[in-house]
Amino acid sequence: GAGVSQSPRYKVAKRGQDVALRCDPISGHVSLFWYQQALGQGPEFLTYFQNEAQLDKSGLPSDRFFAERPEGSVSTLKIQRTQQEDSAVYLCASSLQIRGGRNTEAFFGQGTRLTVV
Amino acid sequence: GNSVTQMEGPVTLSEEAFLTINCTYTATGYPSLFWYVQYPGEGLQLLLKATKADDKGSNKGFEATYRKETTSFHLEKGSVQVSDSAVYFCARLNAGGTSYGKLTFGQGTILTVHP
């Protein structure tokens, strides 16, 4: 596609509900990142995929957060039993990986704004 | 660890004023440095970047110079426009290991330009 696409754009969840956020990266981009952006803050790293392999999940705040990218393209971030502190914008970014394993510029989607009530 | 610190905002300027937004980073390794911009209702966009010491990134009249001696990457523009109103994020690229390409962001600076 032309850019990174995320859906839904907005999600309101009742506390305790499970949610799933989708990211469609730019076609051919090997690397995919999820970030969490709380209100008034900069994005914070959650997890990183290289193709279908999740190489770093050190930023996931709890075991209620789970991400997958089973075919190395579309990725889903799942949050179980949502809490109010999960309210944030969730950003997805993708980039090409070139010779030597270096990543080129990261392109960001518009994000999903999650509000837990 | 790796961190980025931006000047506190918000910043309010009149059109054609000079802009500086300060950014400093922790000196771990030799990171690449970036400025991203987030216009109202839009996603993060790369504004400019610099990959090594003394490099100057520039785009749309904005400039930033990678200063290793002061671990800084301050954003400047000589004459701002109303259309520059947005949130600006400084970021460093963490190199090496399995997180190659992971960005660490500053907290963001809100810029409002009045006519």
Side-chain angles (χ1 to χ4, degrees), chain A residues 1-7 9-10 23-26 29-51 53-60 88-113, chain B residues 1-11 21-25 29-52 57 59 73 75 86-111:
Chain A
V4 179
S5 177
Q6 291 186 246
S7 61
R9 288 290 310 279
Y10 304 92
C23 172
D24 279 272
I26 294 173
H29 278 195
V30 167
S31 298
L32 185 145
F33 303 84
W34 283 99
Y35 291 85
Q36 180 190 57
Q37 186 177 13
L39 188 65
Q41 301 296 315
E44 293 196 358
F45 171 81
L46 292 177
T47 188
Y48 164 57
F49 288 87
Q50 182 177 306
N51 293 307
Q54 188 176 20
L55 297 186
D56 188 344
K57 52 183 181 179
S58 62
L60 296 176
V89 176
Y90 291 85
L91 297 170
C92 177
S94 70
S95 65
L96 278 171
Q97 198 168 72
I98 59 177
R99 188 174 58 240
R102 295 176 64 87
N103 282 306
T104 61
E105 171 192 347
F107 292 86
F108 283 82
Q110 290 185 294
T112 295
R113 181 178 297 279
Chain B
N2 299 317
S3 68
V4 175
T5 303
Q6 281 181 242
M7 67 182 287
E8 302 252 342
V11 174
I21 301 178
N22 290 340
C23 171
T24 57
Y25 64 93
Y30 301 94
S32 294
L33 301 172
F34 303 81
W35 277 99
Y36 279 84
V37 58
Q38 191 170 37
Y39 297 104
E42 299 185 18
L44 278 170
Q45 300 175 26
L46 178 65
L47 179 60
L48 54 84
K49 67 179 181 182
T51 58
K52 60 183 186 296
N59 186 26
F73 192 56
L75 182 68
V87 185
Y88 292 81
F89 294 94
C90 186
R92 60 170 287 163
L93 183 67
N94 303 337
T98 56
S99 295
Y100 211 94
K102 179 168 86 172
L103 290 162
T104 299
F105 288 87
Q107 71 270 34
T109 301
I110 300 172
L111 171 66

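A note on names: the letters A, B, ... follow the listed sequences, proteins ahead of strands, and every chain is numbered from 1. In what follows, every heavy atom counts, from backbone to side chain, and hydrogens, waters and symmetry copies are set aside.
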To the nearest 0.5 Å, tell me how far [X] [atom1] sits from [Y] [atom2].
| X | Y | atom1 | atom2 | answer |
| --- | --- | --- | --- | --- |
| B:Lys102 | A:Ser31 | NZ | OG | 13.5 Å |
| A:Gln110 | B:Leu44 | CD | CG | 11.0 Å |
| A:Tyr48 | B:Leu103 | OH | CG | 11.5 Å |
| B:Tyr36 | A:Glu105 | OH | CD | 6.0 Å |

Would you find more than 12 non-hydrogen atoms of other residues, nucleotides or ligands less than 6.0 Å from B:Tyr39 atom OH?
-> yes
Atom CD of A:Glu44: over 12 foreign heavy atoms under 6.0 Å = no
Ring-ring centroid check A:Phe45 B:Phe105, cutoff 6.0 Å = no
With a 4.5 angstrom heavy-atom cut-off, which part of A:Phe107 approaches chain B: side chain, backbone, both or neither?
-> neither
So which of B:Glu42, B:Gln38, B:Gln6 has the largest heavy-atom pair count under 4.5 angstrom toward chain A?
-> B:Gln38
Look at A:Pro43, A:Ala93, A:Gly111 and state which one has the largest set of heavy-atom pairs under 4.5 Å with chain B.
-> A:Pro43
Pair count under 4.5 Å, heavy atoms only, with chain B: among A:Ala106, A:Ala38, A:Gly109, A:Gly59, highest is A:Ala106
Checking heavy atoms, do the side chain of B:Phe34, its backbone, both or neither come under 4.5 Å from chain A?
-> neither
Closest non-hydrogen atom pair, B:Phe89 against A:Gln37 = CZ-NE2, 3.2 Å
